[in-house]
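Counting starts at 1 for both ligands and their atoms, following the listed order. If you read the sequence from its start, that first residue is 1, and numbering goes on from there.
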Amino acid sequence: SGVERLGDMIAEARAIVPFTGAGISTECGIPDFRSPGGIWTRNRPIPFDEFVASPEARNESWRRRFAMEEVFAAAKPGRGHRALASLYRAGKVPAVITQNIDNLHQASGFASEHVVELHGNTTYARCIGCGQAYPLDWVRRRFDDDGAAPNCTACDEPVKTATISFGQMMPDDEMQRATALSQSCDLFMAIGSSLVVWPAAGFPLMAKRAGARLVIINREPTEQDDIADLVIHHDIGETLGPFVGN
Ligand code: OAD
Ligand code: ZN
């Protein structure tokens, strides 16, 4: 079966690089983007230039974020996160590349320097001008007091969740680390991503071209199933649950 084959491939691999999308966190109560009921089926994305230009867009963006706070604050790592953390502790996984912003790989036991966050992190905020970090609590208080999204106390530019929006530059350092990981692994596992958002979706292809085996685990077909060595169209928690160890 697919899961047995996956077990063999994991056992044979020397350096496994997991690449995760929103599907690994749905069992933790966080909705994905493109499934029925997903974030983009309910809200249209607010592009970066609109966030910068429009105070109303900034307020709307923060209102959406505050509406999700209970979900993010309550979320615990799922079986997928825990399986990857077990492989990390066993020395089989040097680092994880993620499109997710929920901090759950860190929560499962990955050192933060071993989580490459291509799309940033929503558990804190940053000034889009000078990069100053702010706790969400601070943003919340300012929003409640002023009735509007705050600007940076240092440079007066808007403060945004530390995530990457459509139209925003990808983080250089993360792109370079993801490139190095993709080109040096012998097994690349794309888990819970529709693989439609670029440049992130380029990493499975890059790994495959550099000679790694490619495994895709996703409930629905993805854009890159045809180049994969193994495709498992099944629930992630059930598929990776057997690999949760110590
Ligand atoms: P998507 O919502 O596009 O894809 C998630 C995939 O996970 C879907 O194909 C689901 O079928 C699958 N899935 C969900 N739950 C699952 C489960 N329990 N078991 C197996 N499969 C499951 O999310 P991403 O590919 O992560 O970027 O989206 C990529 C980027 O698009 C995000 O990082 C975000 C978004 O716009 C930005 O905001 C910049
Ligand atoms: Zn600033």
Side-chain angles (χ1 to χ4, degrees), residues 2-3 6 18-48 51-52 61 64-65 68 75 77-81 83 96-102 104-105 116-122 125-134 138-139 142 149-171 174-175 178 189-204 215-225 231-241:
V3 178
L6 176 63
F19 169 88
T20 60
I24 197 172
S25 297
T26 53
E27 79 171 16
C28 314
I30 301 170
D32 67 9
F33 293 93
R34 294 174 182 80
S35 291
I39 305 271
W40 298 153
T41 69
R42 289 182 278 150
N43 283 319
R44 134 196 112 76
I46 298 170
F48 185 65
F51 184 95
V52 174
S61 168
R64 287 183 191 177
R65 178 61 187 85
M68 288 292 289
R79 289 169 292 178
H81 300 101
V96 56
I97 306 172
T98 189
Q99 301 168 88
N100 299 342
I101 57 176
D102 54 29
L104 288 177
H105 289 299
V116 179
E117 293 178 316
L118 294 174
H119 294 163
N121 188 306
T122 196
R126 264 191 200 292
C127 167
I128 63 172
C130 72
Q132 169 73 46
Y134 291 92
W138 178 86
V139 179
R142 291 289 312 272
N151 284 1
C152 179
T153 55
C155 77
D156 206 35
E157 291 293 314
V159 172
K160 182 178 167 293
T161 57
T163 55
I164 305 298
S165 299
F166 288 113
Q168 190 172 1
M169 283 254 288
M170 291 294 284
E174 277 73 8
M175 288 299 287
M189 299 189 3
I191 303 165
S193 177
S194 56
L195 303 179
V196 297
V197 173
W198 291 72
F203 291 110
V215 174
I216 294 178
I217 307 171
N218 203 63
R219 207 155 49 196
E220 303 292 323
T222 78
E223 293 281 294
Q224 298 184 34
D225 285 4
V231 179
I232 300 179
H233 288 156
H234 192 62
D235 180 75
I236 292 159
E238 280 182 30
T239 305
L240 292 180

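- Ligand 1 has an N or O atom lying under 3.5 Å from an N or O atom of F33, backbone or side chain.
- Considering only non-hydrogen protein atoms, atom 28 (O) of ligand 1 sits nearest to R34 NH1, 3.2 Å.
- G192 O, 3.5 Å is the protein heavy atom nearest to atom 5 (C) of ligand 1.
- T122 and T163 share no donor-acceptor pair across their side chains, judged by distance under 3.5 Å alone.
- Angle SG(C155) to the Zn ion (ligand 2) to SG(C152): 110° [nearest 10 degrees].
- With contacts defined as side-chain heavy-atom distances shorter than 4.5 Å, the pair S165/I46 does not qualify.
- Here K160 contributes atom NZ and S61 contributes atom OG; the two are 7.0 Å apart, rounded to the nearest 0.5 Å.
- To the nearest 0.5 Å, atoms CD1 (I191) and CG (N218) are separated by 10.0 Å.
- Not one N or O on the side chain of Q99 forms a donor-acceptor pair closer than 3.5 Å with the backbone of A200.
- Note that CE of M68 and CG of D102 are 9.5 Å apart. Values are rounded to the nearest 0.5 Å.
- Counting only heavy atoms of the protein, atom 27 (O) of ligand 1 lies nearest to H119 ND1, 3.3 Å.
- Neither the backbone nor the side chain of E27 comes within 4.0 Å of ligand 1, counting heavy atoms alone.
- Closest heavy-atom contact between R44 and P47: NH1-CD, 4.0 Å.
- Scanning the protein for heavy atoms near atom 4 (O) of ligand 1, the closest one is S194 N, 3.3 Å.
- Summary of contacts: the protein heavy atom closest to atom 19 (N) of ligand 1 is I236 N, 3.0 Å.
- For ligand 1, the atoms sitting less than 4.0 Å from at least one non-hydrogen atom of G21 are 26 (O), numbered in the order shown with element in parentheses.
- Put simply, CG on L240 and CD on E27 are 9.5 Å apart, with the number rounded to the nearest 0.5 Å.
- For R42 (side chain) and G37 (main-chain N/O), a donor-acceptor pair under 3.5 Å exists by modelled atom type.
- Set against the non-hydrogen atoms of T26, the atoms of ligand 1 under 4.0 Å away are 14 (C), 15 (N), 16 (C), 17 (C), 18 (N).
- Counting heavy atoms from C-beta outward, W138 and P150 have side chains that approach closer than 4.5 Å.
- The Zn ion (ligand 2) is the vertex of the angle joining SG of C130 and SG of C127, which measures 110° to the nearest 10°.
- Each of the atoms 36 (O) of ligand 1 lies under 4.0 Å from some heavy atom of F166.
- Only the side chain of V197 comes within 4.0 Å of ligand 1, judged by heavy-atom distances.
- Inclusion of S165 in the set of residues having an N or O under 3.5 Å from an N or O of ligand 1 is not warranted.
- The nearest heavy-atom contact from the protein to atom 29 (C) of ligand 1 is Q99 OE1, 3.3 Å.
- Annotation for ligand 1: atoms under 4.0 Å from non-hydrogen atoms of S35 are 10 (C), 11 (O).
- Nearest heavy atom pair, residue P77 against residue C28, reads C-SG, 4.0 Å.
- To the nearest 0.5 Å, atom CD of residue E157 and atom CZ of residue R126 are 15.5 Å apart.
- Between V197 and R34 the shortest side-chain heavy-atom distance falls below 4.5 Å.
- For atom 6 (C) of ligand 1, the nearest non-hydrogen atom of the protein is N218 OD1, 3.4 Å.
- The closest approach between H234 and ligand 1 falls below 4.0 Å for a heavy atom of the residue.
- When each atom of ligand 1 is checked for a heavy atom of W40 under 4.0 Å away, the hits are 35 (C), 36 (O).
- Considering backbone and side-chain N/O of V196, none are found under 3.5 Å from N/O of ligand 1.
- Atoms of ligand 1 found under 4.0 Å from any heavy atom of I164, numbered from 1 in the order shown, are 39 (C).
- For ligand 1, the polar-atom distance check finds no N/O of N100 at less than 3.5 Å from any of the ligand's N/O atoms.
- In this structure the side chain of R79 never reaches within 4.5 angstrom of the side chain of I236, judged on heavy atoms.
- Here is the list of ligand 1 atoms found below 4.0 Å of a heavy atom in S193: 24 (P), 25 (O).
- Among all non-hydrogen protein atoms, the one lying nearest atom 11 (O) of ligand 1 is E220 CG, 3.0 Å.
- Considering both main-chain and side-chain atoms, A22 comes within under 3.5 Å of ligand 1 through a nitrogen or oxygen pair.
- Between D32 atom CG and N100 atom CG the span is 10.0 Å, to the nearest 0.5 Å.
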